[in-house]
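Inspection log for the structure reproduced underneath, given as structure tokens.
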Amino acid sequence: MPDQPVPVPVPVDRLGFEMPPVHADPADEREYRKRRLAGALRLLGRLGYEDGVSGHVSARDPEFEDCYWVNPFGRAFAGLAPGDLLLVDGDGRVLQGDRRVNELAFAVHAAVHRERPEVVAVVRTQAPYGRALASLGELLAPITQEACAFYEDHALLDEFAGAEDASRIGRALGPYKALILRNRGLLTVGDSVDAAVWWFIAAERAAQVQLIARAAGKPVLIDHHNAVATRERFGSDLAAWVNCQPLLAAPAPQR
């Protein structure tokens with residue numbers, strides 16, 4: 001056989017790479033966010049991150065001040081489509097939709113959105129390892145590359161706070177991407193639905209690894225310099241958006 005030519009590298013500008021879309025029209029952005037929100041809820045349902053009627057994901061409306069899209073009360077995450085979502089104002093009143101919203105639980109989302117006007121989405125739902133870590137009143141430790149995404153970028157509310165303490169929860173998050181609510185679990189935010197959902201999944205997985213490692217022995221921490229460098233590389237909302245794309249690829253319900 002004749003010698004085969006050495007393959008030539010494909011130019012970088014011909015390689016595909018997804019980036020978050022930009023919409024000039026708020027109506028287009030609204031429909032996009034609703035599709036991503038419904039897809040995120042279905043994903044969390046597939047992962048088992050809901051418990052009865054508990055759990056919400058909210059997305060800020062791109063046009064109407066202090067208004068947010070959220071899942072309806074009493075509906076399973078798994079079957080939700082964009083048309084099932086509710087538009088709710090900051091006082092928990094339903095503006096669009098035909099179902100109730102859990103006003104007390106949604107008050108936490110509204111408080112976080114008000115404290116952080118740059119945040120698009122908030123995730124507060126139920127997952128076992130995040131709740132287990134929260135019961136210990138501990139932060140996520142920098143024991144893996146993935147956990148370093150949260151290094152010095154999450155907070156602990158080190159007292160029990162119920163949904164009636166919405167303002168206190170909103171303030172406790174501070175400038176960070178995640179909050180551990182002692183004895184309750186995880187809350188995450190992002191500049192897109194995709195980012196906020198990825199941070200929730202990543203925090204839950206980091207909590208799982210941390211608990212397993214502690215049960216097996218004494219985890220070795222990544223040093224401060226390397227933890228910060230790793231966070232700067234993998235801890236942006238853009239990195240979270242990219243990581244979430246394969247998980248949100250499942251088809252939507254047709255309605």
Side-chain angles (χ1 to χ4, degrees), residues 33 37 40 44 49 51 54-62 64-71 73 86-93 101-127 129-142 147-204 206-207 227-228 231 235-237 240:
R33 288 187 189 180
L37 177 55
L44 294 172
Y49 296 165
D51 191 357
S54 298
H56 291 80
V57 182
S58 60
R60 188 186 301 274
D61 187 87
F64 302 121
E65 185 177 357
D66 201 29
C67 293
Y68 314 96
W69 295 94
V70 67
N71 51 297
F73 179 72
L86 308 177
L87 180 64
V88 182
D89 69 13
D91 294 320
R93 297 173 296 197
V101 67
N102 185 331
E103 296 176 20
L104 188 60
F106 177 73
V108 172
H109 289 247
V112 172
H113 280 292
R114 286 169 178 161
E115 290 286 335
R116 296 281 299 278
E118 82 285 6
V119 159
V120 167
V122 179
V123 181
R124 168 76 191 106
T125 190
Q126 309 302 325
Y129 296 101
R131 282 190 283 181
L133 187 67
S135 73
L136 301 174
E138 292 186 7
L139 290 168
L140 294 166
C148 285
F150 298 94
Y151 183 68
E152 296 185 339
D153 197 14
H154 70 300
L156 168 68
L157 179 55
D158 196 14
E159 55 184 314
F160 182 79
E164 64 277 6
D165 300 309
S167 295
R168 183 151 54 102
I169 293 171
R171 292 190 300 270
L173 175 65
Y176 304 126
K177 64 164 65 84
L179 176 65
I180 297 176
L181 298 160
R182 201 192 70 196
N183 303 106
R184 293 192 63 192
L186 305 172
L187 180 149
T188 58
V189 301
D191 67 3
S192 66
V193 171
D194 310 52
V197 169
W198 174 257
W199 292 136
F200 187 91
I201 294 169
E204 169 67 8
V228 169
R231 183 197 67 212
S236 70
D237 277 358

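Reckoned from all heavy atoms, side chains included, excluding hydrogens, waters and symmetry mates.
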Contact summary for [X] and [Y], nearest pair of heavy atoms:
X	Y	answer
Phe106	Gly92	CD2-CA, 4.0 Å
Ala166	Ala111	O-CB, 3.3 Å
Ile180	His154	CD1-CD2, 4.0 Å
Ser58	His113	OG-NE2, 2.9 Å
Gly137	Leu156	O-CD2, 3.2 Å
Val70	Val101	CG1-CG2, 3.9 Å

(request) Applying side-chain contact (heavy atoms from CB on, under 4.5 Å), run through Val108 and Leu187 and close with a yes or a no. (result) CA-CA 10 Å; Val108 172; Leu187 180 149; 3.9 Å; yes
Within this structure, what is the [atom1]-[atom2] distance for the pair [X] and [Y], rounded to the nearest 0.5 Å?
X	Y	atom1	atom2	value
Leu181	Asp158	CG	CG	11.0 Å
Leu140	Glu204	CG	CD	10.0 Å
Thr188	Ile201	OG1	CD1	9.0 Å
Arg231	Ser236	CZ	OG	11.5 Å
Thr125	Tyr49	OG1	OH	10.0 Å
Glu152	Leu139	CD	CG	10.5 Å

(message) Aromatic contact between His109 and Tyr68, with the criterion being ring centroids under 6.0 Å apart: yes or no?
(response) no
(request) Can you sort out the partners of Trp199 under ring pair (Phe, Tyr, Trp, His ring centres under 6.0 Å), two or more places apart, ordered by chain and number? (result) Phe150
(request) Mind checking ring pair (Phe, Tyr, Trp, His ring centres under 6.0 Å) for Tyr151 and listing every partner two or more places apart, or none if nothing turns up? (result) His224
(message) Between His56 and Asn71, is the side-chain contact (heavy atoms from CB on, under 4.5 Å) condition met? List the steps.
(response) CA-CA 6 Å; His56 291 80; Asn71 51 297; 3.7 Å; yes
(message) Test your reading of the model: is there a side-chain donor-acceptor pair from Arg60 to the backbone of Ala121, 3.5 Å cut-off?
(response) no
(message) Donor-acceptor pair, distance only, cut-off 3.5 Å: does the side chain of Asp51 make one with the backbone of Gln126?
(response) no
(message) Between Asp66 and Arg93, does any NZ, NE, NH1 or NH2 come within less than 4.0 Å of an OD or OE carboxylate oxygen?
(response) no
(message) Any salt bridge linking Arg184 with Asp165? Criterion: basic side-chain nitrogen under 4.0 Å from a carboxylate oxygen.
(response) no
Donor-acceptor list for residues 170-177 side chains, cut-off 3.5 Å, not counting sequence neighbours:
residue	atom	partner	partner atom	Å
Lys177	NZ	Ala149	O	2.7
Lys177	NZ	Asp153	OD2	2.5
Lys177	NZ	Gly235	O	3.1

(request) Could you walk me through whether Val189 and Glu115 pass the side-chain contact (heavy atoms from CB on, under 4.5 Å) test, one step at a time? (result) CA-CA 12 Å; Val189 301; Glu115 290 286 335; over 6 Å; no
(message) Any non-hydrogen side-chain atom of Val123 less than 4.5 Å from a side-chain atom of Leu44?
(response) yes
(request) Look at atom CD of Glu118 and say whether more than 12 heavy atoms of other residues, nucleotides or ligands are closer to it than 6.0 Å. (result) yes
(message) Let's go through Arg114 and Val112 carefully: what are the C-alpha distance in whole Å and the side-chain angles of both, what is the deciding distance for side-chain contact (heavy atoms from CB on, under 4.5 Å) to 0.1 Å, and is it a yes or a no?
(response) CA-CA 5 Å; Arg114 286 169 178 161; Val112 172; over 6 Å; no
